[in-house]
Each structure stands twice: as C-alpha cells, then as structure tokens.
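Heads up: the structure comes next, in structure tokens.
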Amino acid sequence: MLARTFMASPDKAKRGIPSKEDFNLWYPAIVEIADLVDKRYPIKGMDVWKPYGWKAMMLIDGLTRAEMDRTGHEEYNFPLLVPEDLLEKENRLVSLLKKAREEGVDPDELRLDEEEAGFKKEVYWVKHAGENELELPMFLRPTSETPMYTMFPLWVRSHGDLPLKTFQIVNTFRYETKQTRSFIRVREIHFFEAHTAHKDQEGADAQIEEDAVIVQNLLHDLCFPAIVSKRPVWDTFPGAWFSNAVDVVMPNGRTLQVATYHHYKDQWAKAFDLKYEDTEGQSQFCHQTTFGMSERMLGAVVGMHGDDAGLIFPPKIAPIQIVLMPVAQHLDEDVIPSINKIADTLKSAGYRVKVDDRDLRPGAKHYDWEIKGVPLRLELGPRDLKSGQFVLSMRTGGKASHDVDELLNVISDSLDATESELRNRAAVHMEHLVLDFPGIEQSSDGWKLTKPLEDGKVYQLAFDGNDSDAEILEKATGLTFLGDCIDSYNEPQPCAVTGRMTTRKQHLARMY
RNA sequence: GGGCCUGUGGGUUAGUCUGGCCUAUGCUAGAUGGUUUGGGACCAUUUGACCCUGGUUCAAAUCCAGGCAGGCCCA
C-alpha cells in the first residue's frame, strides 16, 4: 500500500529524468533539468550557461589555474580574431609536415585517406565590418596556436626568456556539422590551452611529463579514471611530433577525449621562426608543447557520476557542497537563527553552502538538491534543537544524526567519504565497460572475430602491428584505435593480429 | 556531402492524416490568497501557445511553397 502511494506518479517523482540506462536520453535531459545550461538559444551547438553550470565550470577552471600556478605557467588572453594570412602560414606548415612525415615515417604508418589537416573546414569567418567588406577576412580562433605563435617570437630573444610557459582559458569556435551535445560537442567551446616554448627537446619532454601529472591531479579531484594513450600517427594533431590524449569512458561505452597534450619538437618554431640565442651566441629553434582541455571535463563529470536521481558533483567542484534545510521553522523560532549560525560556521571554514529556506515541504527540497547533485544535505528542526544534533543526508546514500559539536569533523569526513565513494563507483564502472578483446583469426574468407563483440564496450588488447593491421581490426570491429596506452602490460602478450609478443596495450572504442 | 522526420503556453502533451463546433486539451511549472511543513501537501482564483513569410480557400494549428530552428540515418 505504501509503495503504491509512493509510486503513484513515477514521472512526477523523477521530474521526467529518463533512466541512466538509456544514457543517450538521460544526458541531454539532465543537463537542463539540473539547470547547468539552457539549450534553447537559437544557434545549434551554442548553449547558454546557467549560473549553476557556469559555477561548476569556474570551479574546474579554478583547479586548473591552481595547477598552472603550481607549475609556473602564466595566464594570458589573446584576441578572438585571427587574420586570414596567418592561417596560410599554418597551412604551409601542415603541408610541409605532412610531406616530411610521408618521407620520414614508415609508409605502413600512414593512411591514404588522411583528411585535409587542421581546422580549415570548420572555422567561422568574419568578412564584413559595418558596411564594408574586409580586404583581409578574419576568422574566429578554433584554437590559438596561430595567434600565440605569432607573438612568441617577439617575446623570446634569449635563453633567459625560456622556458616560456603560457596558458589561457577562453572561448574557441568550431563549426560542427554533426549533431551537437552539451559540453561534449559544441560550436562555442570553453577551452583551456597551455602553450610552452623550451630550449631543447628535453625541455619539451619534461613539459609533457609535467602535463601528465597535472591531468592525473585533476582526474583525482574529479574522482574518475581515464585512459591515457599516445595517439596513432594518423590521428596526431597536425604539426605535432606526437599527441597524448586522455579518454574517459562514458556509460554508453563511448570514449570522450577530455584532454590532449602535444609535443611539437621544433616544427612549429620553424614555421613561425621562433628562435633564441643560446649561451654560445648561436641561434636555436625552440621546442614547443601544447596542452588542451575543455568543458568536456564537465560533460565527463555529469556522465560519470550522475544516476537516476540526477547529478552527483564531486565535492571539489560542487557549486554548493552542503545545503542547509530548516525544518518546521514555524514551530520553533530558534530554527532559523540556529541554522544560519551553522551556515556561518561552515562558510568560515571555507565550504560552499546554501540555506534553503523556501516555503516547501522538506521532501521537495531533498529531491531538488538531489537532482542538482549537492553532496551533502543538512536538516535542522525543533527536534534537533532539543537534542543538540543535526541530520545529514549524503547524495551517495545514507542519512544519520550527528552532534552539532562535531559539525566540522562530520562535514569534512562526509565530503571525503563522498569523494572515495565516487572514485570507487567510477572504477567499478570502468571495469564493466572495458573488456579484453576476444581475438581475431584469418580464414579463407578474410578476418573473423573469434567471438562477437558487445555493443557499448571498449576493448583492450595487445597490439604490435602496423597501420594495415590496425585497419583490419577497425574494419572487423567497427571501432577505432585510441593509441598506445601509457600503462603497458607487465608481461609480454601475443599481438592480436601478428602474434608477436609485446607489452603494448591498445584500446578499441567508439569515440565521441 | 546525401536522405528522412519534426516545430502548439516556461516544460510536456491532445488536436493535423480527413480544413469549419479550436473561442485549442490534459499534466506540470509560474502568479495571488489561505491552510500546511521531519522525504515530492492541498484548496480557490489567475497568467500564458499554434516557428516565420507567402499561397490555396467562404474558412488554415490543420493543405502547399520557401525560410529558420531542431532531431534521426547514411557517406
């Protein structure tokens, strides 16, 4: 009977949130229901950030800025517009590099259908200013290599100017023609990019290692794991010597590239004439790296941690960490002052809190804050005032009374517990989504999988083949190689195609 | 790039095929007043919509054309 009453209107109970089982419905619904964005702005792929979503993004940026500060990067802000002739410079570089690569790399590593490199096809153009057509059109940055590397040579003169470690957090624009999805594929991208210049390759090597640590620190705070891979040659950023990418496995088994860091060696420096004078008075080209991340990080947080009841924010980036709910305040005039006092105590201790004194029944408030993913909810009513306690509900589950005297300890422990619970869940989730590749065999009528693959999974395998071997696998599975995983196998395994023993671990996945 | 589909209050939905009793339905959200408040309360009153521009017609939310916006599938 009780269950019946409770289930009386399941749609209403869930505010229309589809089950997360159906991730492709759940994700777009939750970003709007939780009030992160409003998708109704009339341009495809350009959502309006609502305050709650923007705050979460700002907190992620805050973590990034702290890492930049720790590692001695300085924040810049470059113009949004880039004159067309600079694109020509970049195109020249890309075609030169393409040629160089074709000459210098094992032909097996190249793909014939390699697409025209760069972002040329997806830039927005500014061709008029007022009434006049511009003699030199400008485009909106799809990324900032070009504008930044135009300025770097003016700033770098001597070895004393190096390393130059810069970053900026800005919006970039890409004209996506495919289906867009909030945070995951958008046309105006909230983008972080770090660009560095070093004296030599070793300097750039060290930077790449530092980038790897920064990514791990961020992933730790966001409470989920990721697969870090060196992208295959054919999937390397134009102009890069190599590209490392960080992929998060979303619940539908698709991988989402949330960060990349590229080692450029001195290739871009040669195109942009970025030189310095060394201690011997010799002119040398710099070696450069870039490191990019975007609002996709927030998309990964939403996808990784949310559940059927809504979002769950990791405490480090929760716009509200603790919501305080006065209960039955009309029955006891001390309720409001007492809860305000608790709020002040928590604020002074550095927590992000909100007192929800709306005239609603407590249940409605609980559901509201569950949808928004607030990690902790604290209730205080007349009963608690008498016993000197408060009631604490955790978004990850569980509810208990605690002494007010213990407030700060309880909150601190509960937020820690939330973080470790989220990390555990994310790890379990990865285990279910990443499977061992069953194997592939050559028969008279071509290559056949030894066992059919499951939909919505990522497959890991030992692989030591060349590009045509990779294509055999991609064709047979319909999946894409992420590249050489940074975590290789401890013991050599036979390569899935060639049978050669190797410790190289690779993943096959469907990418966003 | 090629093909298919859709557009009704803030959200969701009925009505469109078969033009007229549509002065446009239900739910939800919003406003006002009152009763309520320890896991989704209720009563009363109330605001609010046919994507845009043309066309056909005595008559268009409904049919036609174009535009804009959104979604899906294939390369």
Side-chain angles (χ1 to χ4, degrees), chain A residues 2-18 22-48 50 111-113 115-116 120-122 175-182 184-187 252 308-310 323-336 338-339 342 355-372 374 376-402 404 455 474-475 478 480 510 512:
Chain A
L2 266 177
R4 189 190 210 112
T5 317
F6 186 72
M7 297 299 289
S9 51
D11 285 343
K12 186 181 160 198
K14 287 179 161 186
R15 302 240 170 114
I17 306 177
D22 196 345
F23 185 73
N24 297 335
L25 286 180
W26 178 89
Y27 182 87
I30 202 68
V31 295
E32 283 200 302
I33 296 171
D35 214 22
L36 302 179
V37 293
D38 194 327
K39 286 191 284 220
R40 291 172 300 180
Y41 190 76
I43 299 179
K44 180 189 175 83
M46 294 195 185
D47 297 345
V48 177
K50 300 285 293 284
R111 298 209 163 184
L112 296 174
D113 59 355
E115 286 206 8
E116 176 137 20
K120 204 176 172 183
K121 282 184 190 160
E122 42 187 63
Y175 179 72
E176 292 287 352
T177 53
K178 290 180 194 159
Q179 191 188 355
T180 56
R181 243 178 263 276
S182 301
I184 292 178
R185 177 175 285 120
V186 291
R187 285 172 162 182
N252 58 0
D308 284 358
V323 73
L324 308 183
M325 303 180 7
V327 174
Q329 63 263 40
H330 65 294
L331 297 179
D332 186 334
E333 60 186 19
D334 287 339
V335 169
I336 295 289
S338 303
I339 208 156
I342 290 178
V355 177
D356 183 1
D357 56 2
R358 290 177 298 166
D359 183 20
L360 288 178
R361 302 178 80 89
K365 294 185 187 179
H366 279 292
Y367 282 91
D368 273 357
W369 298 114
E370 274 173 2
I371 288 169
K372 292 195 153 203
V374 174
L376 303 177
R377 301 186 297 278
L378 185 155
E379 279 172 80
L380 189 81
R383 236 187 264 156
D384 305 304
L385 286 181
K386 288 196 187 75
S387 61
Q389 292 191 308
F390 62 89
V391 178
L392 192 71
S393 308
M394 299 185 47
R395 180 60 181 81
T396 50
K399 179 174 185 172
S401 285
H402 304 276
V404 173
D455 270 349
E474 291 190 350
K475 229 175 146 185
T480 307
R510 210 171 150 216
Y512 259 115

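Naming: A, B, ... by sequence-line order, numbering from 1 per chain.
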For the pair made of [atom1] in [X] and [atom2] in [N], what is the distance, rounded to whole Å?
X: A:Ile371; N: B:G39; atom1: CD1; atom2: P; value: 17 Å
X: A:Ile339; N: B:U37; atom1: CD1; atom2: C1'; value: 14 Å
X: A:His366; N: B:G38; atom1: NE2; atom2: P; value: 10 Å
X: A:Asp359; N: B:U37; atom1: CG; atom2: P; value: 11 Å
X: A:His330; N: B:G34; atom1: NE2; atom2: P; value: 15 Å
X: A:Ile33; N: B:G10; atom1: CD1; atom2: P; value: 18 Å
X: A:Arg383; N: B:G39; atom1: CZ; atom2: C1'; value: 12 Å
X: A:Glu379; N: B:G38; atom1: CD; atom2: P; value: 9 Å

Does A:Glu370 contact B:G39 through a side-chain donor or acceptor facing the base, at a distance under 3.5 Å?
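By the distance-only test, yes, there is a pair.
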Is the base of B:G39 touched by the side chain of A:Lys399 through a donor-acceptor pair closer than 3.5 angstrom?
yes
Taking the [atom1] atom of each, how far is [N] from [M], in whole Å?
N: B:U45; M: B:G26; atom1: P; result: 14 Å
N: B:C52; M: B:G7; atom1: P; result: 13 Å
N: B:U62; M: B:C51; atom1: P; result: 8 Å
N: B:A24; M: B:G48; atom1: C1'; result: 13 Å
N: B:G9; M: B:A29; atom1: C1'; result: 11 Å
N: B:C17; M: B:A75; atom1: P; result: 36 Å
N: B:U25; M: B:G15; atom1: C1'; result: 8 Å
N: B:C64; M: B:U56; atom1: P; result: 16 Å

Nucleotide of B:G39, B:G38, B:U37 approaching A:Tyr367 most closely (side-chain heavy atoms):
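For A:Tyr367, the side-chain atoms sit closest to B:G39.
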Nearest listed nucleotide, side chain of A:Arg40, among B:G10, B:G39, B:U36:
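Ranking B:G10, B:G39, B:U36 by closest atom to the A:Arg40 side chain puts B:G10 first.
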Measure the CD-NZ distance between A:Glu370 and A:Lys365 for me, rounded to the nearest 0.5 Å.
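If I round to the nearest 0.5 Å, the distance is 14.5 Å.
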From A:Glu176 CD over to A:Lys44 NZ, what is the distance, rounded to the nearest 0.5 angstrom?
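Between atom CD of A:Glu176 and atom NZ of A:Lys44 there are 9.0 Å.
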Searching all strands shown, indicate the nucleotide that pairs with [N] (Watson-Crick or G-U wobble; both distances under 3.5 Å).
N: B:A69; result: B:U6
N: B:A61; result: none
N: B:U35; result: B:A41
N: B:C27; result: B:G11
N: B:C17; result: none

Polar atoms only, N or O, under 3.5 Å: list the protein pairs with nucleotides 6-8 of chain B and their distances.
none

Can you name the ring-ring contact (aromatic ring centres under 6.0 Å, His included) partners of A:Trp26, sequence neighbours left out?
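Result, ring-ring contact (aromatic ring centres under 6.0 Å, His included) vs A:Trp26: A:Phe23.
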Partner residues of A:His366 under the ring-ring contact (aromatic ring centres under 6.0 Å, His included) criterion, sequence neighbours left out
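Checked A:His366 against ring-ring contact (aromatic ring centres under 6.0 Å, His included); zero matches.
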Reading nucleotides 68-75 of chain B 5' to 3', which nucleotides get B (base under 4.0 Å from a protein heavy atom), which S (sugar-phosphate only), which -?
-SSSS---
Going by side-chain contact (heavy atoms from CB on, under 4.5 Å), name the residues that satisfy it together with [X], two or more places apart in sequence or in a different chain.
X: A:Gln389; answer: A:Ser387, A:Ser401, A:Asp403
X: A:Arg181; answer: A:Gln179, A:Ile184, A:Tyr512
X: A:Asp384; answer: A:Leu380, A:Val391
X: A:Val31; answer: A:Tyr27, A:Leu36, A:Val37, A:Lys39, A:Ser182, A:Phe183, A:Val302

Work out which heavy atom in A:Asp356 is nearest to a heavy atom in A:Pro326; give both atom names and the distance.
O-CD, 3.2 Å
If you measure from the Lys or Arg side-chain nitrogens to the Asp or Glu carboxylate oxygens, is any gap between A:Lys50 and A:Glu32 under 4.0 Å?
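No, no charged N to carboxylate O under 4.0 Å.
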For A:Asp332, which residues count as a salt bridge (charged side-chain N to carboxylate O under 4.0 Å, His left out) partner, sequence neighbours excluded?
none
Nearest-nucleotide 5' precedence on RNA chain B, A:Ala328 against A:Arg361:
A:Ala328
Within the 4.0 Å heavy-atom criterion, would you say A:Arg358 contacts the bases, only the backbone, or no part of the nucleic acid?
nothing
